[in-house]
S.K.: 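Once you've had a glance at the structure underneath, I'll fire off some questions.
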Amino acid sequence: MSDDADTRDRLTRIEGKIDLIGMQHTASETVSRDHEERIRAIERWKYALPVSALGALVAAATALIAAFRGGAA
């Protein structure tokens, strides 16, 4: 009878450890998904920023040219 109780106790501890591993795995997946989303957002900014900067430079150059042409005439 004591062997049965010992076996049940060990199985209960094993089940608890398996449940803990499952919860840790779920938490790791959540963190991994969050990191993936953050990396994708940074990549979008990384590629959009040079295009935006170039557009701003073209607009500034156009405004300066228009200002000098308008002021000289």
S.K.: Name all residues meeting the side-chain hydrogen bond (donor to acceptor under 3.5 Å, both in side chains) criterion together with Glu29; count only those two or more places apart in sequence or in a different chain, and write none if there are none.
M.R.: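 If we apply the side-chain hydrogen bond (donor to acceptor under 3.5 Å, both in side chains) test to Glu29, skipping adjacent residues, the hits are His25.
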S.K.: Which atom pairs, one a donor and one an acceptor, fall under 3.5 Å between side chains of residues 34-44 and the rest of the protein, sequence neighbours left out?
M.R.:
unit_1 : atom_1 : unit_2 : atom_2 : d
Asp34  : OD2    : Arg38  : NE     : 3.1
Glu36  : OE2    : Arg40  : NE     : 3.0
Glu36  : OE2    : Arg40  : NH2    : 2.6
Arg40  : NH1    : Glu43  : OE1    : 2.8

S.K.: Rounded to the nearest 0.5 Å, what separates atom CG in Asp9 from atom CG in Asp4?
M.R.: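 Reported to 0.5 Å precision, the distance equals 12.5 Å.
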S.K.: One pair to check against side-chain contact (heavy atoms from CB on, under 4.5 Å): Leu20 and Met23. What are the steps and the verdict?
M.R.: CA-CA 5 Å; Leu20 178 62; Met23 287 186 286; 4.3 Å; yes
S.K.: Considering only heavy atoms from C-beta outward, does the side chain of Glu15 approach that of Ile18 to under 4.5 Å?
M.R.: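 No, their side chains stay 4.5 Å or more apart.
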S.K.: To the nearest 0.5 Å, how far apart are CD1 in Ile21 and OG1 in Thr26?
M.R.: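 One finds 12.0 Å between CD1 of Ile21 and OG1 of Thr26.
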S.K.: Can you list, pair by pair, the side-chain donor-acceptor contacts under 3.5 Å of residues 52-64, counting residues two or more places apart and other chains?
M.R.:
unit_1 : atom_1 : unit_2 : atom_2 : d
Ser52  : OG     : Ala48  : O      : 3.0
Thr62  : OG1    : Val58  : O      : 2.8

